[in-house]
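Below: one structure, written as structure tokens.
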Amino acid sequence: MPVNLPDVVAEVTAVFARYEAALVGNDVAVLDALFWDSPHTLRYGATENLYGYTAIQAFRAARPSQGLARELLRTVITTYGKDFATANCEFRRTGSGKTGRQSQTWMRTPLGWRVVAAHVSWLTESGA
């Protein structure tokens, strides 16, 4: 299986950038559109475990829209073949200085690239 085909990396990089802009801008419609609409989709957040698209969508609708700005410190996108990818980043929340990590698994669907699994966590103050 070819890893990091340049055209596929470019596609996933673009959709990841779209996701990031929607996240910090609280564009819930775009965030919803970029998650796979399936009961198999999951998102483990910093304080919640969400199973299925419907639960993720409800979380997004209820989440406060303040304090979402962040700086990406490092992003690693790896593609596997033409239809599967991971996007992992370290970020720092603007204003608080808190550092976190985000992992996403992306799959090409008939509607385009969609997140099928995601995880967000905070680093402890010691960084461990």
Side-chain angles (χ1 to χ4, degrees):
M1 172 183 311
V3 174
N4 286 341
L5 293 167
D7 59 323
V8 181
V9 171
E11 290 175 17
V12 177
T13 299
V15 75
F16 178 82
R18 182 175 179 222
Y19 179 91
E20 184 66 20
L23 182 68
V24 299
N26 199 41
D27 189 335
V28 175
V30 171
L31 294 171
D32 286 347
L34 291 178
F35 270 75
W36 186 36
D37 188 352
S38 168
H40 303 292
T41 304
L42 65 86
R43 180 185 179 277
Y44 292 151
T47 60
E48 68 285 332
N49 295 329
L50 305 170
Y51 296 92
Y53 177 83
T54 302
I56 297 166
Q57 188 179 39
F59 168 80
R60 291 268 185 236
R63 183 178 75 154
S65 61
Q66 306 298 57
L68 300 176
R70 67 187 194 170
E71 170 191 10
L72 293 181
L73 304 174
R74 183 171 183 177
T75 301
V76 177
I77 293 174
T78 307
T79 65
Y80 307 89
K82 293 185 175 278
D83 301 320
F84 188 80
T86 58
N88 295 280
C89 68
E90 295 176 51
F91 63 89
R92 183 174 298 119
R93 184 67 65 204
T94 303
S96 76
K98 288 177 70 173
T99 302
R101 299 165 290 192
Q102 173 183 294
S103 298
Q104 298 172 329
T105 303
W106 290 82
M107 177 179 72
R108 186 190 306 271
T109 73
L111 298 174
W113 287 97
R114 298 295 184 263
V115 175
V116 297
H119 181 250
V120 178
S121 61
W122 296 107
L123 290 172
T124 63
E125 286 190 29
S126 66

- Side chain of Arg93, backbone of Leu68: donor and acceptor closer than 3.5 Å? yes
- Determine, stepwise, if the pair Leu23 / Arg70 fulfils side-chain contact (heavy atoms from CB on, under 4.5 Å). CA-CA 10 Å; Leu23 182 68; Arg70 67 187 194 170; 3.3 Å; yes
Less than 4.5 Å apart, any side-chain heavy atom of [X] and any of [Y]?
{"X": "Lys82", "Y": "Asp7", "value": "yes"}
{"X": "Phe35", "Y": "Gln57", "value": "no"}
{"X": "Gln104", "Y": "Asn88", "value": "no"}
{"X": "Arg101", "Y": "His119", "value": "no"}
{"X": "Phe91", "Y": "Val120", "value": "yes"}
{"X": "Thr79", "Y": "Trp106", "value": "no"}

- Could you give me the CA-CA distance, side-chain angles and deciding distance for Arg63 and Asn26, then say whether side-chain contact (heavy atoms from CB on, under 4.5 Å) is met? CA-CA 9 Å; Arg63 183 178 75 154; Asn26 199 41; 3.4 Å; yes
With rounding to the nearest 0.5 Å, note down the distance linking [atom1] in [X] to [atom2] in [Y].
{"X": "Leu34", "Y": "Trp113", "atom1": "CG", "atom2": "CH2", "result": "12.5 Å"}
{"X": "His40", "Y": "Met107", "atom1": "NE2", "atom2": "CE", "result": "9.5 Å"}
{"X": "Phe59", "Y": "Thr47", "atom1": "CZ", "atom2": "OG1", "result": "6.0 Å"}
{"X": "Thr13", "Y": "Ile77", "atom1": "OG1", "atom2": "CD1", "result": "3.5 Å"}

- Sort and list the pairs that fulfil ring-ring contact (aromatic ring centres under 6.0 Å, His included) and have at least one residue in residues 9-30, not counting sequence neighbours.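 Of all non-adjacent pairs touching residues 9-30, none passes ring-ring contact (aromatic ring centres under 6.0 Å, His included).
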- Note: Glu90-Arg74 ion pair, threshold 4.0 Å (strictly below): no
- Message: Please give the remaining members of the hydrophobic cluster of Met1, linking ILVMFWY side chains under 4.5 Å, ordered by chain and number.
- Response: Val3, Tyr80, Phe84
